[in-house]
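As structure tokens, the structure follows; a few thoughts come after it.
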Amino acid sequence: MLMLPQGILLVFLFTALHETIHETAFRTQQLNRALALVAGSATLLSPLHFRYFHFAHHHFTHDPERDPELATPSPETPWQYVWYLTGLPDWYGRTKTLLKTAVREPDDHFVPLRARHRITKQARAMLLFYALVLLLALPTVLWVWLLPLLLGGPFLRAYLLAEHHLCPHVSDMLSNTRTTFTNRLVRWVAWNMPYHTEHHAYPAVPFHNLPAFHAITAPHLRETERGYTRFNGRMFSTLQQGG
């Protein structure tokens with residue numbers, strides 16, 4: 001009964017990772033990096049690698065050549081949408097990236113040379129940690145971590161779809177990113193990232209200041225949606241009609 005809400009809370013540690021790699025969650029770098037490591041380990045993401053991936057996404061949002069998020073194709077059919085929503089392709093991609101960077105230093109265009117060895121070391125340390133945890137407590141890990149992650153995955157995927165999908169491929173942050181109006185619970189779980197246009201346009205604004213900042217930016221937003229259910233319904237209808 002509690003596995004589903006537990007899974008949703010676990011997968012949304014992704015938003016804690018997101019905020020801490022920006023280093024705006026806490027006053028000190030040490031606290032940001034400590035929580036980033038915890039959240040990244042819980043969601044199969046190397047904080048160091050994700051930091052460079054995400055910063056490239058910020059710098060080159062919707063640029064087909066340089067935005068690394070666009071390397072993962074957007075769903076183009078209803079069946080692709082459903083498959084995307086399961087979260088399985090994402091978990092496969094995260095595991096593959098972690099294993100790949102543990103075997104050899106990453107050669108992604110967005111990772112500077114100075115950081116590549118550190119990313120490999122971090123990936124190896126994370127894999128060692130996973131191996132020890134699985135060896136010592138496999139049944140507990142399965143029911144408390146892995147299965148809840150799989151159950152919660154579709155909720156994170158539906159949430160993330162609303163950030164940029166169906167937005168125009170332009171350089172204007174007020175147009176290529178969407179703010180989604182939702183309830184307080186979702187905003188709390190997602191560290192106020194439903195105010196996503198505000199975050200993308202001004203990433204130095206801490207998460208706890210985004211609601212107040214929204215009052216300033218609201219008249220200038222060009223892509224908004226009233227709720228994640230409504231956005232995903234609209235996206236599914238668009239795909240049914242052939243895009």
Side-chain angles (χ1 to χ4, degrees), residues 7-61 66-72 87 89-134 141 144-146 148-150 152-153 155-157 159-160 163-164 189-193 196 199-200 203-208 210:
I8 293 172
L9 291 175
L10 277 173
V11 295
F12 271 87
L13 285 174
F14 171 82
T15 52
L17 171 63
H18 167 269
E19 190 66 20
T20 49
I21 59 122
H22 277 284
E23 298 190 348
T24 54
F26 303 105
R27 292 182 183 273
T28 68
Q29 186 182 75
Q30 291 81 359
L31 279 175
N32 281 299
R33 292 187 175 181
L35 181 54
L37 185 58
V38 171
S41 298
T43 54
L44 304 181
L45 286 167
S46 159
L48 281 173
H49 189 263
F50 179 68
R51 178 184 175 89
Y52 291 108
F53 173 97
H54 185 66
F55 283 9
H57 164 62
H58 263 274
H59 291 149
F60 307 115
T61 307
R66 295 183 289 180
D67 184 349
E69 279 202 2
L70 297 181
T72 301
D90 183 52
W91 295 124
Y92 172 77
R94 295 187 190 194
T95 304
K96 181 180 176 181
T97 298
L98 197 60
L99 291 171
K100 181 180 175 182
T101 53
V103 171
R104 65 176 184 272
E105 294 181 8
D107 56 2
D108 307 284
H109 67 87
F110 52 82
V111 178
L113 290 174
R114 68 179 185 278
R116 294 181 177 184
H117 183 61
R118 290 191 297 128
I119 289 173
T120 293
K121 286 179 62 178
Q122 185 174 78
R124 289 172 179 173
M126 289 173 66
L127 289 177
L128 178 60
F129 170 73
Y130 295 148
L132 290 173
V133 168
L134 290 172
V141 167
V144 174
W145 178 40
L146 296 179
L149 275 183
L150 290 175
F155 293 87
L156 180 65
R157 303 322 299 167
Y159 160 83
L160 291 174
E163 293 182 344
H164 300 285
V189 170
W191 288 57
N192 279 331
M193 282 303 110
H196 208 62
H199 166 70
H200 251 259
V205 176
F207 75 99
H208 53 83
L210 286 175

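Along the sequence shown, residues are numbered consecutively beginning with 1.
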Revision key, fill the gap. So CZ of Arg51 and CG of Leu45: to nearest 0.5 Å the spacing works out to 15.0 Å
**Study point:** Verdict with supporting geometry, Trp91 and Val11, side chain to side chain contact (heavy atoms under 4.5 Å, CB included)
**Key:** CA-CA 11 Å; Trp91 295 124; Val11 295; 3.9 Å; yes
Practice item. Might you point out which heavy atoms bring His57 and Asp67 nearest each other, and give the distance in Å? Key: ND1-OD1, 3.1 Å
Review point. How long is the span from the CD1 atom in Ile119 to the OG1 atom in Thr97, to the nearest 0.5 Å?
Key: 11.0 Å
Exercise for review: Verify, without hydrogens or angle tests, whether Asn32 (side chain) and His22 (backbone) share a donor-acceptor contact under 3.5 angstrom.
Suggested key: no
**Study point:** Sidechain-backbone polar pair: Ser46 side chain, Leu98 backbone, donor-acceptor under 3.5 Å
**Key:** no
Practice item. For Thr120 and Thr101, indicate whether the former's side chain and the latter's backbone hold a donor-acceptor pair under 3.5 Å. Key: yes
Check your understanding: Is any side-chain heavy atom of Pro47 less than 4.5 Å from a side-chain heavy atom of Gln122?
Key -> yes
Point to revise | His164 NE2 to His196 NE2 distance, which is reported to the nearest 0.5 Å | key: 3.5 Å
Review point. Where the side chain of Arg116 meets the backbone of Val111, is there a donor-acceptor pair that is under 3.5 Å apart?
Key: yes
Check your understanding: Taking only residues two or more places apart in sequence or in another chain, which ones pass side-chain hydrogen bond (donor to acceptor under 3.5 Å, both in side chains) with Thr20?
Key -> none
Review point. Under 6.0 Å from the CZ atom of Phe50, do we count more than 12 heavy atoms belonging to anything else shown?
Key: yes
Point to revise | Counterpart residues, salt bridge (charged side-chain N to carboxylate O under 4.0 Å, His left out), relative to Asp90 (two or more places apart) | key: Arg94, Arg157
**Study point:** Test of ring centre spacing under 6.0 Å for Phe53 and Phe110
**Key:** yes
Revision key, fill the gap. So NE2 of His199 and OG1 of Thr24: to nearest 0.5 Å the spacing works out to 7.5 Å
Point to revise | Thr15 and Phe207, any side-chain heavy atoms less than 4.5 Å apart | key: no
Revision key, fill the gap. Here the gap from Leu146 atom CG to Leu44 atom CG, rounded to the nearest 0.5 Å, amounts to 8.0 Å
Exercise for review: Indicate the atoms forming the closest heavy-atom contact of Leu210 with Asn192, along with that distance.
Suggested key: CD1-O, 3.6 Å
Check your understanding: Between His18 and His58, what is the ring plane arrangement, given parallel below 30°, perpendicular above 60°, and tilted in between?
Key -> parallel
Check your understanding: Would His49 and Asp108 count as having a side-chain donor-acceptor pair, cut-off 3.5 Å?
Key -> yes
Check your understanding: Atom NE2 in His200, atom CE in Met193: separation rounded to 0.5 Å?
Key -> 9.5 Å
Using atom types as modelled, flag every donor-acceptor pair under 3.5 Å from a side chain in residues 35-43 to any protein atom, sequence neighbours excluded.
unit_1: Ser41; atom_1: OG; unit_2: Leu37; atom_2: O; d: 2.7
unit_1: Thr43; atom_1: OG1; unit_2: Ala39; atom_2: O; d: 2.7

**Study point:** Heavy-atom side-chain contact between Ile21 and Phe55 under 4.5 Å
**Key:** yes
Review point. Is a side-chain donor or acceptor of Glu19 paired with a backbone partner of Trp191 at a separation under 3.5 angstrom?
Key: no
